[in-house]
Protein chains: 2
Amino acid sequence: MKNSPLYKGSLSTIVLKLLEENSRMYGYEITQKVKELTAGELNITEGALYPSLHKLEADGLLQAEMVHIGNRMRKYYRLTETGKKETADRLYELKAFIEQMQLILNTNLTNPQGI
Amino acid sequence: MKNSPLYKGSLSTIVLKLLEENSRMYGYEITQKVKELTAGELNITEGALYPSLHKLEADGLLQAEMVHIGNRMRKYYRLTETGKKETADRLYELKAFIEQMQLILNTNLTNPQGI
DNA sequence: ATCTTTTGCATAAGACTCTTATGTATCCAA
DNA sequence: TTGGATACATAAGAGTCTTATGCAAAAGAT
C-alpha cells in the first residue's frame, strides 16, 4: 500500500529498532526485513534508507563495518552505546505517539478496544 | 511534548477525523481540541494548520464558511461529500499504519499485548 | 550462453510537510 | 492599560521522503 505519508518520520526509529533486535544488519537486509514483518505493506525505498543510515552513523548512533562477500561488499551497521540509549528514547516516543493517535481516533465508540 | 518527527504526515488526517466527529470547526478550535484530547502532548502549530486547511479546501475535501462573532471573524470548516469519503480512506490507512508499526515494535516479547 | 531479476551500494533533484518567525487584530481580565 | 488568549495569515528554511538514475556482482531462467 504505497507507503502512506504517515510513514514519514518513522524510518530511522524502525531502523534503530531492528538493530536493537538483530545486533548487526546491512541496508538491503533492512528493507527485506521490514517488508517481511509487514507482509509487504511497508516498503522502505533505498533512496530513503541509505541517506538515513548515513545520518545515523554521522550522528554517532550507528557504526558501520564493511564485509566482503565473495566479490561484493556489504555494509553492516550496529548500534553504538549512544545509539542504544537513543533507541530506547525513540521507541518510548513512538509508543506515546501511537497512544496519542489512538486517543484522537477513538473519540467515537465504533471501535472501543482500539485496533 | 515537542511534537516528535513522527507527527509528520498525520496532521491532515487528524483534522479530517475531528471534522467527521464535529461537523464544523474553526482553526483555533482544532488546535485546542487536539491539545485537550492528548492532554497537552500534541500541539498543532498555526503555521502548520492553516496551510493544511487551505490545501484541504483547495482539494475539495473541506468547505469554508466565514462567521462574524462580534467584531471578529471565524472561519468554520466542514467536510464535503468527497471529504467524507476521503476521511474514511485515510482513517483506514492510519489504522493500518499503526498496525504495521506495532508489528515492527512487537518483534520481541517484552510487551506482548502492545502498548 | 545470454538475458533478466535479485542483490547491494550510492547520490541528486524535487516534492511535501512541518517549524519558527512574523504580522495583524480583537477580546478579556488584572 | 497591559498582557494573555483568541483568531486569522504568510514566508523562509529545515527535514524527510519519492523518484530517477547509476554502477556492479550474483543467481536464475530460457
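A note on names: the letters A, B, ... follow the listed sequences, proteins ahead of strands, and every chain is numbered from 1.
Atom NZ of A:Lys33 and atom P of C:dT7 are 15 Å apart (whole Å). Atom pair B:Glu29:CD and D:dA7:P shows a separation of 8 Å (rounding to whole Å applied). Between the CE atom of A:Met25 and the C1' atom of C:dG8 there is a distance of 14 Å, rounded to whole Å. Spacing between atom CD1 of A:Ile44 and atom C1' of C:dC9 amounts to 16 Å, rounded to whole angstrom units.
B:Glu29 pairs by the salt bridge (Lys or Arg N to Asp or Glu O under 4.0 Å) definition with nothing, not counting sequence neighbours. For A:Tyr28, the ring-ring contact (aromatic ring centres under 6.0 Å, His included) criterion is met by no residue, not counting sequence neighbours. A:Lys75 is linked by a salt bridge (Lys or Arg N to Asp or Glu O under 4.0 Å) to nothing, counting only residues two or more places apart in sequence or in another chain.
At a threshold of 4.0 Å, the pair B:Arg90-B:Glu93 does not count as salt-bridged, since none of the basic side-chain nitrogens sits closer than that to a carboxylate oxygen.
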Show the numbers, then the answer: is there a salt bridge (charged side-chain N to carboxylate O under 4.0 Å, His left out) between A:Glu20 and A:Lys84? CA-CA 7 Å; A:Glu20 189 186 60; A:Lys84 288 176 188 173; over 6 Å; no

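A side-chain N or O of B:Arg74 and one of B:Tyr76 form a donor-acceptor pair less than 3.5 Å apart.
Scanning both residues, B:Ile44 and B:Val34, for their nearest heavy atoms gives CD1-CG2, 3.6 Å.
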Side-chain donor-acceptor distances from residues 47-64 of chain A under 3.5 Å, at least two apart:
| from | atom 1 | to | atom 2 | distance (Å) |
| --- | --- | --- | --- | --- |
| A:His54 | ND1 | A:Tyr50 | O | 3.3 |
| A:Lys55 | NZ | A:Asp59 | OD2 | 2.7 |

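Heavy-atom distances under 4.0 Å link DNA chain C to B:Lys55 of residues 49-61 of chain B, given in residue order. Interface residues of residues 69-79 of chain A facing DNA chain D, ordered by number: A:Asn71, A:Arg72; criterion, heavy-atom separation under 4.0 Å.
Using a 4.0 Å cut-off, no side-chain N or O of A:Tyr26 falls inside it from OP1 or OP2 of C:dC9. Checking the phosphate oxygens (OP1, OP2) of C:dT6, no side-chain nitrogen or oxygen of A:Tyr28 falls inside 4.0 Å.
When heavy atoms are screened at a 4.0 angstrom cut-off, B:Gly27 is found touching the sugar-phosphate backbone but no base atom.
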